[in-house]
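Order of appearance sets the numbers: ligands from 1, and atoms from 1 within every ligand. Quantities reported herein were computed from a predicted structural model and do not represent experimental measurements.
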Amino acid sequence: MQNGKSGNLYHLIESRFPADMQARFITLMDGPRQGIWYNYADLVSISARFAHAMAALGVKRGDRVAVQVEKSAENLFLYLATLRLGAVYLPLNSAYQKGEIAYFLEDSGPALFVCRPEDEAEMVALAARCGVPAVATLGIAADGSLPDMAIDLSPEFDTVPMDADDLAAILYTSGTTGRSKGAMTSHGNLASNALALHRLWGFRAGDVLLHALPIFHVHGLFVATNTTLLNGGSMLFLSRFDPDRVVALLGQATVMMGVPTFYTRLLGHPGFTRDKVAHMRLFISGSAPLLADTHREFSERTGHAILERYGMTEGGMITSNPLEGDRVPGTVGFPLPGVELRIAGEKGEVLGTDHVGSIEFKGPNLFKGYWRKPEKTAEDMRPDGFFITGDVGRIDARGYLHIVGRAKDLIISGGLNVYPKEVEMVLDGLDGVVESAVIGLPHPDFGEAVAAIIQKRPGRDDVTEAALIAQVRDLLASFKVPKRIWFVDELPRNQMGKVQKALLRPQHQDTFR
Ligand code: MCA
Ligand code: AMP
């Protein structure tokens, strides 16, 4: 139990509210509602109303609430309302297409699906097919059926007491087999991570977070939001990362969190100068590798050493460079307090300093397993409770973790994960395609970009790069769509018949550079 009331994360958040509830929590910094803000009293009353509305729609403790909406303050209040109700928050990338959504709804069996007002007709039909009993809508102008219903309901709600081990959220993360797995995260997982990061990154009175990340992933939802909430602090909220807006707002902020693409784009912005960051205390990077060169260039330009940390959906944040002390470029720092980290060999044997092996961890941040997939959970766990991250690294003599690669076949593009298998399954299903091989290639903006090599049926001149890309766009979220496709007569294979991607990558390595 994190405080007197219960293990519900909202109870912990509540215990950290500012003394003056009129203090601002969030100010909208772009879009049609630019300039609108909400204070902590609003946070309490709106989340209470939303909790009542969801209860009226039939949501009970332990039920899943699936959400695919655009980024807004109300979206955060919906997250908090779900916690207060003791239900399980299940955010979905706003770029997911209908076919992708259908899988998540079928797999998670939510009691309620909250979607964009403009998608309502389509999503009501989809939800009905997937057996979801209720649908509500939430738009970017505080519009939609959920706020409409909530407006007349009580601004007070008795937050449901929860145990720290009870589920707070499920976030889907793709797998090497191509099908996404729901990572079950408990109230205790989120609380331990938020408390550790709040302390480790020195959050203090007066901190203002510049929030430009999406809020359907761990980074923007939990890391950025929960630390701000535990600080009783304030955030400047952008609907998306726009370098012009970010440069203009840095003078009002003290902390920013971003994926490496944010930092390379800022460095490419002529207005991003040392005087613009004079008010800033801390820049944090994660979700994908930050090139040591970017780290150094950023330091030279701004005088700030970016603090790089490492995490994953199954563990929240795992390691971090220090606030005080060396933030070493190309490393992700030390395990968070309470987290045990090791480098292991193939059989799980612990390897010593500077030996490269599998990165494994356990601790209060470790998730509760994959939703309804105990066999998948077991595959990734060692008998002594360590989780096999699928990342490969080494720990140096000073204790810093270096990530040197991935054992999992994963592409990280602009901080978003793409599993080649999922894209290959879609490509292989298209008319005229015999087989595809999807690879990640170095990309100056996204870090890695998705590309595909395809063997098509003989004589199918109509199967062109543009035609295939157009079809994939309807089936997959846009960040998963290959940015280039090449055709070959035959894919290279090893003796077992497996496609040798290692032979394909070098041929196209410089495509985007
Ligand atoms: C957009 N596009 C992309 C990506 N984003 N392509 C590849 N990778 C991407 N990440 C495509 C769009 O489909 C579109 O293509 C074109 O780029 C422009 O789209 P737009 O929406 O304008 O892009 P953007 O707004 O500039 O977005 C790029 C972005 C964004 C700022 C890098 O993707 C972003 O905010 N990424 C952060 C993701 C994140 O929060 N990850 C944390 C995961 P077209 O024109 O062809 O349609 S949590 C995690 O990983 C763990 C736990 C951790 O450690 O944090
Ligand atoms: P996700 O599945 O979206 O939670 O992404 C987690 C993965 O992102 C990790 O397993 C790593 O491969 C990668 N990742 C996160 N932070 C970093 C980082 N700082 N450096 C390199 N890779 C990272």
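Under the 30°/60° scheme for interplanar angles, the aromatic rings of F262 and F241 are found to lie parallel. The aromatic rings of H198 and F203 sit parallel, their planes meeting at an angle under 30°, below the 60° perpendicular limit. Note: F367 and F387 have perpendicular aromatic rings, judged against thresholds of 30 and 60 degrees for the angle between ring planes.
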Apply side-chain hydrogen bond (donor to acceptor under 3.5 Å, both in side chains) to N417 and S174, showing your working. CA-CA 8 Å; N417 291 4; S174 303; over 6 Å; no

Given the rule in the salt bridge (charged side-chain N to carboxylate O under 4.0 Å, His left out) test, do R342 and D384 qualify, once you have shown the distances and angles that lead to the verdict? CA-CA 12 Å; R342 71 184 184 196; D384 59 357; 2.7 Å; yes

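I453 is listed as a side-chain neighbour of H508, based on a closest heavy-atom distance under 4.5 Å. N75 has its side chain out of reach of F216: every pair of non-hydrogen atoms, C-beta onward, lies at least 4.5 Å apart. Contact of the K480 side chain with the V450 side chain is not registered, since no non-hydrogen atoms from C-beta on lie closer than 4.5 Å. Side-chain contact between Q34 and L28 is absent, with no heavy-atom pair separated by less than 4.5 Å.
For ligand 1 and L213, the ligand atoms under 4.0 Å from any heavy atom of the residue are 40 (O). Short contacts between ligand 1 and R240, defined as distances under 4.0 Å to a heavy atom of the residue, involve ligand atoms 22 (O), 24 (P), 25 (O), 26 (O). Those atoms of ligand 1 with a heavy atom of S413 less than 4.0 angstrom away are 7 (C), 8 (N), 9 (C), 10 (N). Residue T173 has at least one heavy-atom neighbour below 4.0 Å for each of these atoms of ligand 2: 2 (O). Taking every non-hydrogen atom of H217 and a distance limit under 4.0 Å, the qualifying atoms of ligand 1 come out as 43 (C), 48 (S). Per-residue contacts place R473 under 4.0 angstrom from the following atoms of ligand 1 (heavy atoms of the residue considered): 44 (P), 46 (O), 47 (O). Within ligand 1, the atoms closer than 4.0 Å to a non-hydrogen atom of G311 are 54 (O), numbered from 1 in the order shown. Listed by number with element, the atoms of ligand 1 under 4.0 Å from a non-hydrogen atom of F262 are 31 (C), 35 (O).
Side-chain contact annotation: Y79 with N226, donor-acceptor N/O pair under 3.5 Å present. No donor-acceptor contact under 3.5 angstrom links the side chains of H402 and T331, judged on distance only. Side-chain contact annotation: Y172 with N93, donor-acceptor N/O pair under 3.5 Å absent. Between the side chains of N189 and S186, at least one donor N or O lies within less than 3.5 Å of an accepting N or O. K71 and H211 are linked by a side-chain donor-acceptor pair at a separation below 3.5 angstrom, with hydrogens and angles left out of the test.
The shortest contact between atom 5 (O) of ligand 2 and any protein heavy atom is with N417 ND2, 3.0 Å. The protein heavy atom nearest to atom 16 (N) of ligand 2 is S287 N, 3.1 Å. Remark: minimum distance from atom 35 (O) of ligand 1 to any protein heavy atom is reached at P214 CD, 3.6 Å. The protein heavy-atom contact nearest to atom 37 (C) of ligand 1 is G414 O, 3.4 Å. Among all non-hydrogen protein atoms, the one lying nearest atom 19 (N) of ligand 2 is R309 O, 2.7 Å. For atom 28 (C) of ligand 1, the closest non-hydrogen atom on the protein side is R265 NH2, 3.8 Å. Among protein heavy atoms, atom 7 (C) of ligand 2 sits closest to G311 O, 3.9 Å. Scanning all protein heavy atoms for the shortest distance to atom 21 (C) of ligand 2 gives P289 N, 3.4 Å. The protein non-hydrogen atom at the shortest distance from atom 11 (C) of ligand 1 is K483 NZ, 3.9 Å. For atom 13 (C) of ligand 2, the closest non-hydrogen atom on the protein side is I412 CD1, 3.4 Å. Counting only heavy atoms of the protein, atom 12 (O) of ligand 2 lies nearest to D391 OD1, 2.6 Å. Closest protein heavy atom to atom 14 (C) of ligand 1: S478 OG, 4.9 Å. The protein heavy-atom contact nearest to atom 55 (O) of ligand 1 is S287 OG, 2.6 Å.
Between R309 and ligand 1, at least one pair of N/O atoms sits closer than 3.5 Å. Between N417 and ligand 1, not a single N/O pair is under 3.5 Å apart. Residue E308 has at least one N or O atom closer than 3.5 Å to an N or O atom of ligand 2. Checking only distances, Y310 never comes within under 3.5 Å of ligand 2, N or O to N or O. Taking only nitrogen or oxygen atoms, main chain and side chain alike, G415 reaches within less than 3.5 Å of ligand 1. Not one N or O of T389 is nearer than 3.5 Å to an N or O of ligand 2, by distance alone.
The shortest separation from a heavy atom of G220 to ligand 1 is not under 4.0 Å, leaving the residue out of contact. By the 4.0 Å heavy-atom criterion, K408 is counted among the residues contacting ligand 2.
Within 6.0 Å of atom NE2 in H269, more than 12 heavy atoms from other residues, nucleotides or ligands are found, so the atom counts as buried in its surroundings.
Applying the salt bridge (Lys or Arg N to Asp or Glu O under 4.0 Å) test to every pair with at least one member in residues 345-354, sequence neighbours left out, gives these pairs: D354-R394.
Per-atom contact check: atom 22 (O) of ligand 1 touches the protein, criterion being a heavy-atom distance below 4.0 Å. In this structure, atom 6 (N) of ligand 1 has a protein heavy-atom contact shorter than 4.0 Å. Within a 4.0 Å radius of atom 52 (C) of ligand 1, the protein has at least one heavy atom. At a distance under 4.0 Å, a protein heavy atom can be found next to atom 42 (C) of ligand 1. Within a 4.0 Å radius of atom 48 (S) of ligand 1, the protein has at least one heavy atom. Note that atom 25 (O) of ligand 1 has protein non-hydrogen atoms nearby, at separations under 4.0 angstrom.
For atom 17 (O) of ligand 1, the nearest non-hydrogen atom from the set F241, F446, F222 comes from F446. Which of A407, G286, G405, A288 comes nearest to atom 18 (C) of ligand 2 through a heavy atom is settled by distance: it is A288.
For F446 and H443, the gap between ring centers is short of 6.0 Å. Y400 and F334 have their aromatic ring centers within a separation under 6.0 angstrom. Residues Y38 and F77 place their aromatic rings such that the two centres sit under 6.0 Å apart.
At a heavy-atom cutoff of 4.0 Å, ligand 1 is contacted by no atom of Y310, backbone or side chain. When heavy-atom distances to ligand 1 are checked against a 4.0 Å cut-off, H443 has no atom that comes that close, whether in backbone or side chain. Here M312 has backbone heavy atoms under 4.0 Å from ligand 1, and that is the only part of it that gets that close.
Annotation: ring-ring contact (aromatic ring centres under 6.0 Å, His included) contacts of H304 (sequence neighbours excluded): F283.
Of the possible donor and acceptor atoms, one in the side chain of D143 sits under 3.5 Å from a partner among the backbone N and O of A141.
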